[in-house]
There are 2 protein chains.
Amino acid sequence: MLRSAKKNKVHRKDVAKKAGVSPSTVSRAINDNPSIPVSTRNRVKKIAEELGYVPSHLGRNYYQKKSFRIGIVMPFSYDKKVRVFPTEYFSKVLFGALLSASREGYTINIIADSGFSSQELEKLVLSHSVDGLIFPVCKIGDNRFSYLYKKGIPFIFIHYYVRNKPYLYVDCDSKPGMEESLQYLSSKKINRIGFLGGDEEYINAIDRKKIFIDLARKYKMKVVNMVNGNFSRTSGFLAVKEFLKKELPEAIVCANDRMAFGLLEGLKKENVRIPEAVRIIGFDNQDIATLTSPPPHYYRKSFF
Amino acid sequence: MLRSAKKNKVHRKDVAKKAGVSPSTVSRAINDNPSIPVSTRNRVKKIAEELGYVPSHLGRNYYQKKSFRIGIVMPFSYDKKVRVFPTEYFSKVLFGALLSASREGYTINIIADSGFSSQELEKLVLSHSVDGLIFPVCKIGDNRFSYLYKKGIPFIFIHYYVRNKPYLYVDCDSKPGMEESLQYLSSKKINRIGFLGGDEEYINAIDRKKIFIDLARKYKMKVVNMVNGNFSRTSGFLAVKEFLKKELPEAIVCANDRMAFGLLEGLKKENVRIPEAVRIIGFDNQDIATLTSPPPHYYRKSFF
DNA sequence: CTGAAAGCGCTTACAG
DNA sequence: CTGAAAGCGCTTACAG
């Protein structure tokens, strides 16, 4: 299918010859090894540049026994439409990973996880396909990690953690944002509030709900209704029905912006006036948050 | 940061010893080399399995001078918000690439293209970081490819092509879908039609517009208005203003579903009745198409 | 400061 | 059918 790359590739020894040094010294120059003088380094680099010599990562990787790749493990089943890919969340995570990986000379490999066992995940590292794994989307109860940890497979979670386990993770603290929300509502003399939670298969959903409840108590607000969504816009839309069954809260705090957006759409459809009848608070700062109508109070520009 | 993987790794020679064969034979067994008997192959494989031997791809890659990776080059600038990642289009392309790559023993490497020169792209292949490049999002006039081609760098486009160039590409033919649309409208005795086009930096936008015009002529329909969008939902929303400036077409054909969705939202906001006042036709079959209200005529279920 | 040499773990042509 | 050997292109410890 693909045509093969140019065969008459420039090799390290071509550079060595032209520069009048040994191949070892070429390597040292290219890798900024301090044992050779800067003058030699620059001269060799210049010649390498001129000849178009590009060191092969394959040799380096092989010698160092490192692939310089990190696998990002995405839940993915095409049939079941489990696709986290097309979300802003994934976009951001991926971009962050790409940035910091490239700073360290690593690249990111996408791994479509259609239900790998811990052994299969382990093999990705043992075969040196990747050096380690990032899990950006984990559900509570995923039991593959104790095996990986025991085997010394390097891995890290994003927005997930397991209590009392030494697993590394990156997460954000939902408390400050949630506190800001409730504080704001409290300052506006709002007392009867509701909550639209996320899918409790994810630990952040549980955390945010708990934080919400604790803060409601702290600010002496009355929680009149709590509805469970699943973080999707659709679930926000559907939550309207649940909220209309009971006394409508003066404000509804949502566990993320996508649900807030769907909730807003659904409430408008039911002719509930926003923010007069009920105020909506999102969470996440996703781009979608800037597209609502009415616009967020901190973003009083026109729709677009 | 990351803990390193287990040190006492099982090597090929451990398997060889236990199986009473040479390391070469272990390789042959693992790789299903037909020169050794199946009985030997199976015995060796079983022992490898028991000992937990996993061949290193690093050695193989090095020997074969192949990385077994394909780079998928995504336009990406965080500041300028050029992010194709969070779209269903990218999700589908990526998944397809992952699937077919894995069938051939390849993996997919994400490359965030914040404006690479052709030389930088070339280096990705010369350094054997990847074996070839996929460009899933190209703008007309991208002039980096003649250099890559001349240098023998393997690359392939998705939904892009350059006329009179031998560059490989994968695309879909927009004509049958567009014809189906116009044929349908024609059968319904609809005669005054409009078009909402995509961003003409992309060749598909131009193609679809041209196909639309040609077909309108073929079916003897009158094109009363053509508006340019940029494939986004927002641009569909904004196009409403343009469509309302002139005589409203009986039907508007959109170059993709996202714009059709936005257009629908915008028209509803202006209290234009769908499909009584104007019919909307999308293009693409994106998931978003199933979420419209009113639902598509071929999908008469409730909203969700 | 620099070169010659060893070795990273594989695959495969070669010899038997 | 199978083993010993060469070699893929690097890095680096060692010797000078």
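Reminder, nothing fancy here: chain letters follow the sequence lines and each chain counts from 1.
- Among the heavy atoms of the strands lying under 4.0 Å from B/S56 are primed sugar atoms or P, OP1, OP2 only; no base atom is included.
- The separation between A/R41 atom CZ and C/dT2 atom P is 12 Å, rounded to whole Å.
- In this structure, A/K17 atom NZ and C/dT2 atom P are separated by 20 Å, rounded to whole Å.
- Using cut-offs of 30° and 60° on the angle between ring planes, the pair A/Y161 and A/Y169 is tilted.
- Taken to the nearest 0.5 Å, the CZ atom of B/R69 stands 12.5 Å off from the CG atom of B/L133.
- Proximity of the aromatic rings of B/F145 and B/F157 is defined here by a centroid distance below 6.0 angstrom, and this criterion is met.
- What separates CD of A/Q64 from P of D/dG9 is a distance of 17 Å, to the nearest Å.
- Using N1 to N3 plus N6-O4 or O6-N4 for Watson-Crick, or N1-O2 and O6-N3 for G-U wobble, each under 3.5 Å, D/dA13 pairs with nothing.
- Between D/dG16 and D/dT12, the distance separating the two C1' atoms is 16 Å to the nearest Å.
- Put simply, CG on B/L58 is 19 Å from P on C/dG7, counting in whole angstrom units.
- Across all strands shown, B/T25 has heavy atoms under 4.0 Å from sugar-phosphate atoms exclusively, and none from any base.
- Side chain A/Y62 to base D/dG9: no donor-acceptor pair is found below 3.5 Å.
- Nucleotide D/dA4 forms no Watson-Crick or G-U wobble pair with any nucleotide shown, as no partner meets the under 3.5 Å limit on both distances.
- Not one side-chain nitrogen or oxygen of A/S27 sits closer than 4.0 Å to the OP1 or OP2 atom of D/dT12.
- The 12-atom threshold is not exceeded at NZ of A/K17, counting heavy atoms of other residues, nucleotides or ligands nearer than 6.0 Å.
- Residue A/R12 places at least one side-chain N or O under 4.0 Å from the OP1 or OP2 atom of D/dC10.
- Of the two residues near DNA chain C, B/G59 and B/R28, the one whose nearest nucleotide lies more 5' is B/G59.
- Atom-to-atom, OH of B/Y63 to P of D/dA5 comes out at 17 Å; the value is rounded to the nearest Å.
- Side-chain proximity of B/K65 to the nucleotides D/dT11, C/dT2, D/dC8 is greatest for D/dC8.
- Checking A/R60 against B/S35, the closest nucleotide of DNA chain D that is more toward the 5' end is the one next to B/S35.
- Taking every side-chain heavy atom of A/S22 into account, C/dG3 is the closest of D/dT11, C/dT11, C/dG3.
- Remark: C1' of C/dT11 and CZ of B/F68 are 11 Å apart, rounded to the nearest angstrom.
- Taking the side chain of A/H11 as heavy atoms from C-beta on, and the options D/dG3, D/dT2, D/dG9, the nearest nucleotide is D/dG9.
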Check your understanding: Stepwise, does the side-chain contact (heavy atoms from CB on, under 4.5 Å) test hold for B/I36 with B/V44?
Key -> CA-CA 11 Å; B/I36 62 169; B/V44 172; 5.9 Å; no

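- Between B/F155 and B/F135, the ring-plane angle classifies as perpendicular under the 30° and 60° cut-offs.
- Among the heavy atoms of the strands lying under 4.0 Å from A/S24 is at least one base atom, whether or not backbone atoms are also near.
- Using a 4.0 Å heavy-atom cutoff across all strands shown, B/P23 reaches no nucleic acid atom at all.
- For the pair B/D14 CG and C/dG9 P, the interatomic distance rounds to 11 Å; values are reported in whole Å.
- Summarising the geometry, the separation between CG on B/N61 and C1' on D/dG9 is reported as 13 Å, rounded to the nearest angstrom.
- Regarding contacts with the backbone of C/dT12, every side-chain N or O of B/N33 stays at 4.0 angstrom or more from both OP1 and OP2.
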